[in-house]
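See structure below.
Just so it is clear, the model here is predicted, and its values are computed rather than measured. Below, chain A is the first sequence line, B the second, and so on; all start at residue 1.
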Protein chains: 2
Amino acid sequence: MLAQLTTYIADRVRLTDTELQRVLSCFHLLKAKKNELVGRTGEPSRRMFFVNKGCLRVYYIKPDGREATRRFAFENSFSTSLTSFIDGSLLKEDTQAVEPSELLYMHREDFYALVDTIPAWGIFYRGFLEYAYLTNTKRLEDVITLNPRERYQLLLKENPEMVLRLPNKLVANYLNITQEALSRIKSGM
Amino acid sequence: MLAQLTTYIADRVRLTDTELQRVLSCFHLLKAKKNELVGRTGEPSRRMFFVNKGCLRVYYIKPDGREATRRFAFENSFSTSLTSFIDGSLLKEDTQAVEPSELLYMHREDFYALVDTIPAWGIFYRGFLEYAYLTNTKRLEDVITLNPRERYQLLLKENPEMVLRLPNKLVANYLNITQEALSRIKSGM
DNA sequence: GTATAACATTGATCGTGATCAAATAATCAC
DNA sequence: GTGATTATTTGATCACGATCAATGTTATAC
């Protein structure tokens, strides 16, 4: 159950056995049904998720009520609404399991307690921040520099799994276009 | 010369006098003329800037050669192309002084040497990462959830200085619209 | 296994913001 | 201060992607 998570951590930072056990003991299992929300806009941010199996989708709700997907998290990745997690403020986005998922989560207070008491976990957090910054900024770059067709082609090249695994509707939403537009792009028009 | 910077640091983290002197000694002065580039796409990332006076603009070059502004940094803020600074890779964006500017910069190697040897500077870096993540993600949110008029109104509300201080052309570019479109939005059409 | 709902595709039309163009207005260089 | 360059505004047209609508397809629930 904790095997993937243990590997993920060990690949990134050196913890003693004791520290590792302490870290792992802070994680809890959550099985989420398809389409279940594990984080809701307006709630305080409480949890950091590790995706053991399945897929999470994090999305904003626009003023007109529609959704705008910020990211997907597949197996072996951490995911949380960092902007709220950092300061414990209210969530500004939903987090949804788009497939039946097996999640390991840690409470926010536990997470930062570890950061403050285990130096190596502080390094882990720093690396997490760097990576989160990288991916989000890449996403911003793509949105402001590329048109829909270019965004799709880049996604297909850099992240084919997303296109193959997820329904068109969600891929389109991630690309910030309608599913009709994506359908036409795919058919080569 | 180092007064603003010293205050900025002291407001965020506790350093001993010795540590503070060591940190400050790593900064160098750079006076940049209006429109001068202090970072160019394709060069290795070498410097972290603190804006003492003036304003920096960081922008991508699109496939068609046009520019897409990611951010502006005014007085009393740090700025760098973090995605490249983190791993020392080649810059993917230009950094331009849009006003005659007075910059204090630190070399990348010095910066990370401080992170590794002064724990409080590690905390400073962590806070910097958190803030950089926050602002960039907010920017991504705005771009994917709001239309041009909404983006302008939000900018006017949250960051009026940018609208008042910068030429329309640059504000429009930051909003990811043409200057004609911004002109019409402003005139209330 | 069938009924129902959700998703995908295709076509026709629409609207927003881009583009092109021209006239002022403001800045800058010398 | 003057000329030249750059920025801004306004108008006319265009194009891309959104929207609306209809049909076909695939999942899902029971």
Select from B:Asp64 and A:Pro167 the residue whose nearest nucleotide in DNA chain C is closer to the 5' end of that strand.
->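 Its nucleotide being nearer the 5' end, the pick is A:Pro167.
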
Within the pair [X] and [N], is there a side-chain N or O less than 4.0 Å away from OP1 or OP2?
X: A:Asn147; N: D:dC16; answer: no
X: A:Lys186; N: C:dT9; answer: no
X: B:Arg151; N: C:dG17; answer: no
X: B:Lys169; N: D:dT8; answer: no

Would you indicate whether A:Asp17, at its atom CG, is surrounded by more than 12 heavy atoms from other residues, nucleotides or ligands within a distance under 6.0 Å?
->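 Open.
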
Decide if the gap between the ring center of B:Phe49 and the ring center of B:Phe78 is smaller than 6.0 angstrom.
->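 No, the ring centres sit 6.0 Å or more apart.
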
Residue B:Pro148, side-chain atoms from C-beta onward, closest of D:dG17, C:dG17, C:dT9 =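 Given the options D:dG17, C:dG17, C:dT9, the side chain of B:Pro148 is closest to C:dG17.
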
Aromatic plane relationship, B:Tyr105 with B:His28 - under 30° parallel, 30 to 60° tilted, over 60° perpendicular =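 Because their plane-to-plane angle lies in the 30° to 60° range, the rings of B:His28 and B:Tyr105 count as tilted.
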
Nearest non-hydrogen partners of B:Arg71 and B:Ser79, listed with the distance |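 It is NH1-OG, 3.1 Å.
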
Side-chain donor or acceptor of B:Arg184 under 3.5 Å from a matching atom on the base of C:dT19?
->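 Such a pair is found, so the answer is yes.
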
Enumerate the residues from residues 175-182 of chain B whose closest heavy atom to DNA chain D is under 4.0 Å, giving them by residue number; use none for an empty result.
->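 Contacting residues: B:Gln179, B:Glu180.
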
Distance-only side-chain donor-acceptor flag, B:Arg47 / B:Thr95, under 3.5 Å =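 Judged by distance alone, the side chains do not pair up.
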
